[in-house]
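Just below is one structure, and these are the notes that go with it.
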Amino acid sequence: MLEFSEIDPFIHKCVRCGTCKAVVGLFEPSCPAGERFRFEGFYSSGKIWIARGIKEGVLCWDDPELLKKLFACTLCGNCTQQCPMTVRERILEVFEAMRCEAVRSRAAPLEAHKRLSDSIAAYRNPWGQPRKRRTNWAKGEKVRRIGPAGDAERASVLYYVGCTAALDPSLHHVAKSTARVLEKAGVDFGILGEREPCCGSVLLRVGLRDQARELAQETIRAIHETGADTVVTSCAGCYKTLTQDYRFFGHLEPRIVHSSEYFLELIRQGRLRVGRTETPLVVTYHDPCHLGRHTGLFDQPRALIEALDGLQLREMPRNRANAWCCGAGGGVRSAFAQMALETACERIEEACGTGARLLVTSCPFCLQNLESAIRFKAALLEPADVTDLVARCAGVGVEP
Amino acid sequence: MSTDTERGAGVSPGVCTAPRGEIVRALEDIVGPDFVAADPSTLYIYSRDLTENEPGTPLAVVMPEDTGQVQGIMRCADRFRVPLVPFAYGLNMGGLTIPQVEAVVVDLKRMRRIVEVNEEDLYMVVEPGVTFGMIRAHLDRHHPGYRYTYPLAPPQTSALSNALMDGLNNMSMKHGAMSEWVSGLEVVLPTGEIVRLGSAAVVDSWHARAPLPDLCGLFLGWQGTTGIVTKAALHIWPCPPLRKRMFIPVYDTRSAYRIMRDLCRKEILDDLAGVSWPTGKMLFGARAALELCQGEPTVFVYGDLYAENQRHMAVKEDLLEEVLLLCRKEGMEVEDPLDVDTLLEINPDYGKLADFPTTLDFLLDYGPGGMTWIGSYGPGRNWAEGAERCFSLLGERGFPPILVSRPMKGGHFWVLRFILHFDKRDASDVARAREALSAMADVLLELGYVPYKAPLWAARKIRARDRHGFFPLLERIKQCLDPHGIMNPGRWGLR
């Protein structure tokens, strides 16, 4: 996690060769912001040069157009896969450091991001919803709240639900499916319930690092109080934040595992039996940026899909490390809704091109945005989370 | 060399008196408000490139979507007397898209259609925002039996501007500089008319520039000073099924020249080029100070053999072996050719040069971020002397002797291109690079090597050697095509 004062070694190498603008070999676009706005400043290299301009004192934070370039980026990291320079691995950190500095300079957060921040401060979630609604999804499910003042003191596994699946009623199926699969496999698990705080991912992405640090410490405490030795999450954003970012804020004892990875383990250990889908289906898989490019989980969700009889996985041209972003991340969906929708629409077209009937992903936030695009385009594609498929094949599926 | 005070010297700016806001609004009426920008961060990025050339801030940046919008922009510029600078896809060398006066940059990357690929008549028609990468992907996907030609440049560079600027590519040894691949153009003139040149002017086909008077020359090599090219027809070629790329280590510059010369006269290779030892070391991943160790080859000659079948390939390989044998008999030290598979065994990084377009990380990632070069076309007879003298000039100034070279069009002319890495943050390092470039340009011109894609400082040196009325003629043609001087004023020293 870089500070703005530390980015110099990484911003002067970029020669603006433009390789980051498209997927090498395929030469399809890689940058959602660049594709949407087209000016050089919206591409990765442009933002790096803006950092130089700020360092030189030629540009200043207090410029709405500069902030638009900086924040209309999903931080998907596709540029880091295409960039031919050795500094590529630090590019996203450079952008996050710039955002953080913009906040510290009081030029940011953007108004939309301020609302997220206020909501998290008030309710511990970015969706502006009272904490008590956090467990609405669990009504009728066999789920225990663990930790102090919970139904039980402890369980070996904590299911960290995440704000989106917990609070968007249209995504409750992700949380339900996850819980049902854990139950079906006989896993000793529980949830934090109303006491589950936001992981702080969105705060980190929009430059509110200081607020995120405080929240992370609260989350770490809450997790430790459960005594769980494993934390399972079905949210790619939470997974990235807990595994990649929290090490800068404190020490998280339990093993953190994404549900797709964990379910695969359960199947391989023989603890979870999965049968066939009702009808054979061609599916395509969308790699969430937080799960794929950022944390390297490309194979596990695919292996999980392949472990389910009756599903045939057909890849989109831009897949794995080259996957086109859904368009929602990095605070884009809240501040640049049209860009988020257009980016998702492009992904939907790509998914339709495979001939698949089912578009599977492993992130509720991706799913939310992709669903919007499917509706907008009236595409003949059914969205699903990989946990839903596992639940269906395990005989505990959630009715849509 | 261009400096802040020199920028725009000799140019007649100041004819535009309209306020920026008025110009921006007029441009917005043409392309829509989303595609005009005049904010500081946008202008900052378009004001500079990776080279040593001084920045120059544009008035605004506009992004047209089609020829009609380019026409509208041109008419608007003519009305306001505001200069325009064309900009294709984003990678720019030599300060060639840096405005020399306060001008509107016309970023053409939204125009990225491959309009037509004609397999029968061996051409394709592309817009300015089409990159080599897009062409490669499109041909591989839809026309797998055909190929275009690729430069030693990153894949996201504009094929059209490379052709207009007379670049060199991996089939230039056989077919010449890229302007020779152009079989027709669509151009928006500074006065706003849209014209087509070549066969497409009179028939519904872009197959050739002949036999009409060849007006494509009014736009090829002019550095965007005579109009904005909105479509170019470019030759494509059948792609033979067999290809072999080989690298031949050679131990001195003069032997390398002789081997390349003899090989290209056998007419067996589609590509033939030479890179000096630092490039080879960079390919192996060297990122620190480069040094030649005793007994190491100084030049890597590489070439592509294409063939219809194995027998055809064997004949070509025999001829290649014959040339090397003869050279060895004359006392030259030259290794046997290494094929790509062998090189990959030594170091997988060599795969980067196995196919085109390359990502060029080995060249780009060396040094602290500033990069520049001087490339020139000249007679083969002075190639070795030019290489050696420029190596010395580089060495005296602390630069490694990075050379990329190629015989062009069967050896009718040759390339000498030297690459320099420097630290853009360090004024003394920038000055060192400028001084080296200037000294090399003097030597190259003395030996008959004329810089291509010439930056302003090099254009001045070229112009100073004009004894035969060439530049006055350019001035007259420019005046005729662009009476109000709105197209990229300053380039080639033209108003």
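Everything quoted here is computed from the prediction, not taken from an experiment.
Annotation: the span from B:S41 atom OG to A:L59 atom CG amounts to 6.0 Å, rounded to 0.5 Å. Rounding to the nearest 0.5 angstrom, the gap separating the CZ atom in A:F37 from the CZ atom in B:F35 is 9.5 Å. A distance of 11.5 Å separates OG in A:S45 from CG in B:L50, rounded to the nearest 0.5 Å.
Across A:G53, A:G41, A:G46, A:P9, the residue that shares the most heavy-atom pairs under 4.5 angstrom with chain B is A:G53. Each of B:A37, B:G370, B:A153 has some count of heavy-atom pairs under 4.5 Å with chain A, and the biggest count is that of B:A37. When B:L364, B:T157, B:D107 are compared by the number of non-hydrogen pairs under 4.5 Å with chain A, B:L364 comes out ahead.
Of all heavy-atom pairs between A:F27 and B:M134, the closest is CB-N, 3.9 Å. Nearest heavy atoms, A:T19 versus B:Q156: CA-CG, 4.0 Å. Between B:T42 and A:F39, the shortest heavy-atom distance links the atoms CG2-CD2, 4.4 Å. A pairwise comparison of heavy atoms in B:I45 and A:R16 identifies O-NH1, 2.8 Å as the closest pair. The heavy-atom pair separating B:P40 from A:D63 by the smallest distance is CD-OD2, 3.6 Å. For A:V15 against B:G369, the heavy-atom pair with the smallest separation is CG1-O, 3.1 Å.
Within the 3.5 Å criterion, the main-chain N or O of B:D365 finds a donor-acceptor partner in the side chain of A:K13.
Every residue two or more places apart in sequence or in another chain was checked for a side-chain hydrogen bond (donor to acceptor under 3.5 Å, both in side chains) with A:N319, and none qualifies.
Scanning residues 64-103 of chain A against chain B with a 4.5 Å non-hydrogen threshold yields A:E65, A:L66, A:K69, A:P84, A:M85, A:T86, sorted by number.
Residue B:V36 touches chain A through its backbone alone, counting heavy-atom pairs closer than 4.5 Å. Neither the backbone nor the side chain of B:F132 comes within contact range of chain A; no heavy atoms are under 4.5 Å apart. For chain B, the nearby part of A:V24 is the side chain; its heavy atoms alone come within less than 4.5 Å. In this structure, the portion of B:D49 lying under 4.5 Å from any heavy atom of chain A is its backbone and not its side chain. Residue B:R141 touches chain A through its side chain alone, counting heavy-atom pairs closer than 4.5 Å. Looking at A:Y43, the atoms closer than 4.5 Å to chain B (heavy atoms on both sides) all sit in the side chain, from C-beta outward.
Between A:E35 and B:R112 there is a salt bridge, since at least one side-chain N of the basic residue sits less than 4.0 Å from a carboxylate O of the acidic one.
With contacts defined as side-chain heavy-atom distances shorter than 4.5 Å, the pair B:R425/A:E56 does not qualify. Contact annotation: the side chain of B:K109 approaches that of A:E40 to within less than 4.5 Å [non-hydrogen atoms, C-beta and beyond]. In this structure the side chain of B:Y44 reaches within 4.5 angstrom of the side chain of A:R52, judged on heavy atoms. Using a 4.5 Å heavy-atom threshold, the side chains of B:K424 and A:H12 count as separate.
Under a cut-off of 6.0 angstrom, the local environment of CG in A:D62 is sparse, with at most 12 non-hydrogen atoms contributed by other residues, nucleotides or ligands. Crowding of B:R20 atom CZ: a count of heavy atoms from other residues, nucleotides or ligands under 6.0 Å exceeding 12.
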